[in-house]
Amino acid sequence: MAGSALAAGVLAVAATLSLGLAAVGGAAVTAQRAAGAADAAALAVADAASGAVPIVEPPCELGARVARASGAVLTGCSLEGFVATVEVQAAYAGLAAVSRARAGPPEG
């Protein structure tokens with residue numbers, strides 16, 4: 001009887017740890033997805049501003065489309081010359097992962 005209770009306790013602890021690790025892993029994947037979306041959106045905005053990508057919409061609208069295609073939402077976009085700075089947000093289990101990225105020619 002005592003062995004059964006011990007085995008049940010060990011299984012309960014293992015299940016709890018597994019669920020916790022799955023949640024942490026999902027959050028980490030979402031954070032990386034947000035970072036990738038921010039990088040892609042910033043590059044799209046900078047390319048559009050420089051004329052490397054011909055578009056008919058404003059550069060920040062292109063960045064919003066790229067972010068949506070990457071599973072995120074563009075929450076901020078600024079363009080100074082050819083330098084684009086964007087902020088995106090991706091959701092996981094009711095929490096928000098926010099990432100910022102900058103793209104453009106090098107400073108200096």
Side-chain angles (χ1 to χ4, degrees):
M1 206 56 146
S4 297
L6 178 63
V10 168
L11 286 175
V13 169
T16 303
L17 288 175
S18 296
L19 288 175
L21 289 174
V24 169
V29 167
T30 302
Q32 289 300 313
R33 188 181 69 206
D39 289 342
L43 288 169
V45 172
D47 284 347
S50 71
V53 176
I55 59 168
V56 295
E57 60 193 339
C60 286
E61 286 185 25
L62 175 63
R65 271 196 306 136
V66 169
R68 271 194 312 275
S70 299
V73 176
L74 185 71
T75 57
C77 179
S78 67
L79 190 59
E80 295 177 21
F82 297 135
V83 177
T85 305
V86 300
E87 181 177 294
V88 302
Q89 184 174 358
Y92 175 74
L95 301 174
V98 177
S99 185
R100 292 173 193 82
R102 177 190 170 279
E107 295 178 3

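None of the values given here were measured: they were computed from a predicted structure.
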Side chains of Thr75 and Glu87: donor-acceptor distance under 3.5 Å anywhere?
yes
Within the structure provided, determine whether Leu62 and Val45 are in side-chain contact (heavy-atom separation under 4.5 Å).
no
Minimum heavy-atom distance Val66-Ala44, with the two atoms named
CG2-CB, 3.7 Å
Go through the steps for Val83 and Arg102 under the test side chain to side chain contact (heavy atoms under 4.5 Å, CB included), then give the verdict.
CA-CA 7 Å; Val83 177; Arg102 177 190 170 279; 3.5 Å; yes
Less than 4.5 Å apart, any side-chain heavy atom of Thr85 and any of Cys77?
no
Heavy-atom closest pair, residues Gly71 and Ala90
O-CB, 4.0 Å
Taking every heavy atom of Ala42 against every heavy atom of Ala84, the minimum-distance pair comes out as O-CB, 3.7 Å
Looking only at heavy atoms, the pair that brings Ala97 and Thr30 closest together is CB-CG2, 4.0 Å
What pair of heavy atoms forms the shortest contact from Phe82 to Pro105, and how long is it?
O-CD, 3.7 Å
Ignoring hydrogens and angles, tell me if any N or O in the side chain of Ser99 forms a donor-acceptor pair with the backbone of Ala38 under 3.5 Å.
no
Please report the shortest heavy-atom distance between Ala48 and Ile55, naming the atom on each side.
CB-CD1, 3.4 Å
Are any of the side-chain heavy atoms of Val86 and Arg100 separated by less than 4.5 Å?
no
Answer yes or no: does atom CD of Glu57 have more than 12 heavy-atom neighbours from other residues, nucleotides or ligands under 6.0 Å?
yes
